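Computed from a predicted structure; not experimentally measured. When reading the values below, keep in mind they use all heavy atoms of this one structure, side chains included, and skip hydrogens, waters and symmetry mates. Throughout, residue positions are numbered sequentially from 1 according to the sequence presented.
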Amino acid sequence: MVQAYILIQTEVGKASAVAESIAKIPGVLQAEDVTGPYDVIVRAEADTVDDLGRLVVAKVQQVDGITRTLTCPVVHL
């Protein structure tokens with residue numbers, strides 16, 4: 001299982017709606033509104049890195065109101 005944090009910038013005033021929509025996507029463990037340079041932080045998981053990429057590109061990035069994402073895979077050192 002591969003997990004990642006997805007840092008999301010949204011259009012002004014859209015953070016809550018974006019987090020709410022993303023929270024419903026299968027594979028998303030948590031979606032929270034935050035302050036700072038990013039507006040929403042998501043924790044997601046998938047079976048493989050490729051599946052994680054598909055989740056981000058095909059599902060998360062398609063949510064209305066998102067302007068930019070940064071995916072940070074969790075590593076176990």
(request) Evaluate the criterion side chain to side chain contact (heavy atoms under 4.5 Å, CB included) for residue pair T10 and V40; output intermediate values, then yes/no. (result) CA-CA 8 Å; T10 69; V40 176; 4.2 Å; yes

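Inter-residue side-chain proximity for L55 and I25 is flagged as met; some heavy-atom pair is nearer than 4.5 Å. Counting heavy atoms from C-beta on, the side chains of K59 and V28 never come closer than 4.5 Å. Residues D47 and M1 meet the side-chain proximity criterion, which asks for heavy atoms closer than 4.5 Å. Using a 4.5 Å cut-off on side-chain heavy atoms (C-beta onward), I8 and I22 make contact.
Scanning all heavy atoms of the two residues, the minimum distance from A19 to A31 falls at O-CB, 3.5 Å.
L7 and V56 are assigned to two separate hydrophobic clusters, defined by single-linkage of ILVMFWY side chains at heavy-atom distances under 4.5 Å. Both V63 and V60 sit in one connected hydrophobic cluster of ILVMFWY residues. Membership requires side-chain heavy atoms under 4.5 Å apart, directly or through other members.
With side-chain heavy atoms closer than 4.5 Å counting as contact, directly or through intermediates, V57 stands alone and belongs to no larger hydrophobic cluster.
Ion pairing of D39 with K14 is absent here, as no side-chain N (NZ or NE/NH1/NH2) approaches a carboxylate O to less than 4.0 Å.
The distance from atom CD1 of I6 to atom CD1 of I41, rounded to the nearest 0.5 Å, is 11.0 Å. Note: Y5 OH to Q30 CD = 8.0 Å, rounded to the nearest 0.5 Å.
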Throw together a table of side-chain donor-acceptor distances under 3.5 angstrom for residues 66-77, partners on residues two or more places apart or in other chains.
from : atom 1 : to  : atom 2 : distance (Å)
T67  : OG1    : Q9  : O      : 3.1
T69  : OG1    : Q61 : NE2    : 2.8

